[in-house]
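Order of appearance sets the numbers: ligands from 1, and atoms from 1 within every ligand. The basis for the numbers below is simple: all heavy atoms, side chains too, and nothing from hydrogens, waters or symmetry mates. Residue numbers start at 1 and run along the sequence shown.
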Amino acid sequence: MSDYGISSYPDVDVINAKLHDLVQAPMFPLRRDALEEVLNWFDTKCATSKSMTDEAKAIIPGGVEHNLAFNYPFPLAIAKADGAYMWDIDGNQYIDFLQAGGPTMLGSNYPFVREKVIELLQECGPVTGLFHEYELKLAKEIQRHMPNIEMIRFLGSGTEADMAALRVARTYINKPKAKIVKMGGAYHGWSDQLVYGLHVPGTGTLEAHGIPKGCTDLTQEFPPDDIEGRKGLRALLAKNEEKGGTAAVLIEPLGPESGTRPLHQDFNQQVRELCDQYGCLLIFDEVVTGFRIGMGGAQGYFNIKPDLTVFGKVIAGGYPMAGGIGGRADLISLCAAGVEGTKKRAYVGGTLSANPLSCLAGYYTLQEMERTDACVKAGQAGDRLAKGLNDVVEKRSLPYVIYNTGSICHVETSGVMLLDIMDPNAIPQVDPRKHLMEEMGAAYEMEGIITIGGSRVYNSLADTDEIIDDAIERFDRVFAKAESL
Ligand code: PMP
């Protein structure tokens, strides 16, 4: 396992018990005087961000385009990114634990890749609409690390690749009423069929505004990590047998939202066996895990062969066009491109898909990651951070839950995504717990740390021991401002 960034798999039972306690306990927010200080800091130190995003609000909804960016108290305008750091337009420096939401495993704006991109731009520009040698090079590079990828088709984003995976699965299974089964709480992009059970398991169509009801009629969810339960995967697949069958089971192999609800280590193997038993396809969404937990992805780490794999993020090294579906040749060949008769195919496409710029960036990013052992080093940074933060919350007797799977580190202070939607007492807690997460995220920003939505961290190769130790001190200064018992 030495090629992987996961030094030891999290003890899921221990984490689940702690998460359970976190959502049962009263909240431990920032003291109100401390929050005042945070809001004051934003007003005085981030004045240009404020005025610029205020202006943006008139033309851009919420003043920000990224779902992972905070609007509280207002969005930051970022002017510069380099390695492990970002700077806002007012000159404040931050440790960058967002890393663009995951794609920049080498750290932001990695010079070697940037230089190669510039060379290519001089030669042919970013896009031609025709085949380019780096398409082939990237495809072969992915296959070299993930032998299950017999063929691959590049697409524009993770969202598109998830959509395409469903289309290929349905084309292959060829049963009009076959279901798509996903794990509750997981995000697989925002396509019509997949805005279902988002973020919080059991929420079904709650967020499916503007999506015709029929679009999710064939989408189902099952509770995370649940194989044998009453609503578990086995029962669902068995029930589907009598009602049109199942086309595919689509999962994030570390659990929904990059493991916000962690899975037992043998879970993926059990899903594989169930898919074989019920004759449906297994789709791994490796948008986050692919080339993050190791060059072999989650499928290499767990030693599972999914039928289809969804790629995003790292495969273009932070450049645009970060999507692809790979897997069994008989399946991927169903979405062959080109002007070619009336052969039965799963229709997918995209003007900028597989553009030379992004294929080249992805190719050199993967090569550099292998050369620098980026997944292992980023995983060690995640281990160091999680250990340091656990020491801090223990010292301060806070109920916060911190755990990591390599370079994906969860810092749960509110547990909002862990609420049980079936529990009527949980509903009134959603908004205050969500707001607590926002307040914590803002307080981290004041201390010079940018997180993912206030509850998660992605590490990169750029995170040295010194940076991690500095970050732990910064988190500690925030935790010192939390209400205590
Ligand atoms: N699947 C997973 C597991 C993701 O984390 C994401 C994005 N965060 C997506 C799909 C969608 O990818 P994109 O944002 O490129 O559409």
Could you point out which residue of Ile467, Ile450, Asp96 forms a side chain to side chain contact (heavy atoms under 4.5 Å, CB included) with Tyr85?
Ile467
Cation-pi check, Arg272 onto Phe302 ring (under 6.0 Å, within 45° of axis):
no
Between His132 and Glu135, does any side-chain donor sit less than 3.5 Å from a side-chain acceptor?
no
Lining ligand 1 at under 4.0 Å, by non-hydrogen atom distance, are residues Ser157, Gly158, Thr159, Asp162, Tyr187, His188, Gly189, Glu252, Asp285, Val287, Val288, Lys313
Tyr301 and Gln265, any side-chain heavy atoms less than 4.5 Å apart:
yes
Answer yes if the side chains of Asp383 and Ser7 hold a donor-acceptor pair under 3.5 Å, and no otherwise.
yes
Just by distance, no angles: are the side chains of Arg170 and Gln193 close enough, under 3.5 Å, to form a donor-acceptor pair?
yes
